[in-house]
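The structure under discussion appears below in the form of C-alpha cells.
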Amino acid sequence: MLAIRLIPNNIVLSAAAATQCCRITAFSSGKPTGTRIWYGRIRKGVSSVADIYRDSPLKSIGWEDFVGLPLEEKGRYFLRDSRPYHVLIAQQFDRPTIERLCEIATRTRRIAKTRGGMRFLQDLLFDKRAMLYFAQPSTRTFLSFYSACQIIGIKPAEVRDASTSSEVKGESPEDTVRTFSSYFDMIIMRHPVGGFAERIAWLLSNTERPVPVINAGSGKDQHPTQALLDIYTLLRSFEDKGGLEGKKIAFVGDLARGRTVRSLAYLVALYPGVKQYFIAPEPLQIREDILRMLDRRGVPYELTSDFESLIPEVDAIYMTRIQDEWDTADESRSIDTTPFHLRMEHLQKLKPTAIIMHPLPRRKEIAPEIDSDPRAMYWRQVRNGMWIRVALILYIFARESEIDRYYEDLIS
Ligand code: CP
C-alpha cells in the first residue's frame with residue numbers, strides 16, 4: 001500500500017503572498033520510499049494533501065458521465081474556488097458573474113487610459129504565458145485575446161495552423177494540446193470539433209499539470225466569450241434606456257449553425273421579460289435544443305421568416321452571416337438570403353433607441369453605409385471583446401480585486 005504523509009515545515013509570509021513549505025513523504029508497506037518538498041501558495045480552505053491537489057471538480061467524474069450531463073449541470077465542474085477556471089460553455093455563467101465581469105472590463109478600460117494605468121496593468125500577470133491554439137480561422141477572437149494578454153502582461157504564443165504542429169506526424173490533437181500545458185499557464189483554443197475544448201479541459205484536469213482552458217469557438221455549438229462580449233454590449237447600450245430587462249431582441253440569419261447566437265440566447269435568457277425573435281429561412285432556423293432551453297426557463301420567443309415587419313418592433317437586431325463552411329453539399333447556395341439583409345431603407349423604420357449588432361465577419365447582410373449610423377454597435381462589439389476578455393482572464397487568475405483597489409484609489 002502507498003501512503004502519503006504531509007509534514008508542515010514552516011510558513012513564510014511575504015507582502016505578496018502567504019506561502020507554505022511542506023515535506024511530502026511517500027510510504028510503501030510502512031517504509032518511506034521518497035520525499036519531496038512542496039512549496040505552494042496557501043489557498044482558503046486548504047487543510048490536507050487531498051485539498052492541495054484538488055485542482056478541479058473535473059477530477060471527480062469520468063468522461064462518459066461528464067459528457068452525458070445536461071449543459072446547465074456542467075458549469076459547476078468548470079469552477080475552482082467558486083470562480084470560473086475553465087470557460088467552455090455559456091451555460092456556466094450566472095447573472096452576478098456576468099455583471100461582475102462587465103464591471104471589471106469597464107474599470108480596466110478606464111485604468112488603461114493613462115500610461116501609469118497601463119504600467120499597473122502590465123504587471124498584473126507578467127509571470128504567466130498563454131497558448132492561443134486556433135485550428136479554425138479567426139480575426140477578432142484571436143487578436144482580441146492576443147491583445148488582452150499583452151495588456152495584462154501575459155506572454156502569448158500561437159499555433160494557428162495544425163499543419164505546422166506535430167499533428168502532421170500523426171500526433172493526436174489531445175497530445176498536442178497536452179504538450180501546450182507543459183509550457184503555458186493557460187490554453188485559449190478554437191477548434192472545428194464541437195465539445196473538443198471540454199474534452200481537453202477534462203483531460204488536463206486529470207493530469208498533474210492542469211491549466212485553465214478557454215473555448216474561443218467550438219464547432220457549431222458554442223462561442224461563450226463572444227456571448228460575454230455581446231451581453232456586455234447589450235448591457236452598456238441599454239444602461240441609460242431602462243436596462244436590458246423587457247427588451248425585444250431579434251436574431252437574424254443562419255441560426256442553425258451560428259454558434260454565437262446559440263451561446264447568446266442562453267445569456268439573454270437570464271434577463272426576465274426579454275423576448276427573443278429568431279428570423280431565418282426555414283432550413284437555417286434555430287435548433288430545437290435552444291427552444292427547449294427557452295421553454296424550460298419560461299422565456300418568450302417567436303420563430304419567423306418575416307424580417308421586414310419585425311424591424312420597427314425590436315430593440316436590438318443581431319445579424320449573422322450564412323455559415324456555409326459547414327455545408328456538406330453546397331446546400332445553402334440554393335437559399336435566398338436577401339430577405340434577411342439589413343439595408344439603408346430599413347433604418348427609418350428602426351426605433352431611434354434600437355441597436356444593430358453583428359459578431360462579424362459580415363458579408364452582404366449589413367450594407368456598409370449603415371456603419372456610420374449611431375445605432376450600429378458592431379465595431380463597438382469588437383472593442384468590447386478585448387476588454388471583456390481582459391476581465392475574464394483576470395478573474396480566472398483571481399487578480400480582479402487589484403483592479404478594484406486601483407480604480408477606487410485613483411480613478412473613481
Ligand atoms: N466573432 C468572431 O468570432 O470573429 P472571428 O471569427 O474573426 O474570430
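Each ligand, and each atom within it, is numbered from 1 in the order the structure gives. Side-chain atoms are counted along with the backbone in the values below, which use heavy atoms only and exclude waters and symmetry mates.
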Per side-chain contact (heavy atoms from CB on, under 4.5 Å), R389 is matched among I152, V87, I188, L229 by L229
K247 charged N/C atom sitting above F238 aromatic ring, 6.0 Å / 45°: yes
The side-chain contact (heavy atoms from CB on, under 4.5 Å) partner of L125 among I396, I154, D185 is I154
Between the protein and ligand 1, which nitrogen or oxygen pairs come in under 3.5 Å, and how far apart is each?
unit_1   : atom_1 : unit_2 : atom_2 : d
ligand 1 : 1 (N)  : Q226   : OE1    : 3.0
ligand 1 : 1 (N)  : P359   : O      : 2.9
ligand 1 : 1 (N)  : L360   : O      : 3.0
ligand 1 : 3 (O)  : T141   : OG1    : 2.9
ligand 1 : 3 (O)  : R190   : NH2    : 3.0
ligand 1 : 3 (O)  : H223   : NE2    : 3.0
ligand 1 : 4 (O)  : R140   : NE     : 3.2
ligand 1 : 4 (O)  : L360   : O      : 3.4
ligand 1 : 6 (O)  : R190   : NH1    : 3.0
ligand 1 : 7 (O)  : T139   : N      : 2.8
ligand 1 : 7 (O)  : R140   : N      : 3.0
ligand 1 : 7 (O)  : R140   : NE     : 3.3
ligand 1 : 7 (O)  : R140   : NH2    : 3.1
ligand 1 : 8 (O)  : S138   : OG     : 2.6
ligand 1 : 8 (O)  : T141   : N      : 2.9
ligand 1 : 8 (O)  : T141   : OG1    : 2.6
ligand 1 : 8 (O)  : R190   : NH2    : 3.3

Enclosure of R362 CZ (heavy-atom neighbours >12, cutoff 6.0 Å)
yes
Review point. Could K74 and F66 be counted as a cation-pi pair, given that NZ or CZ must be under 6.0 Å from the ring centre and within 45° of the axis?
Key: yes
Notebook entry, point to check: Would R292 and D289 pass as an ion pair if we require N to O under 4.0 Å?
Noted result: no
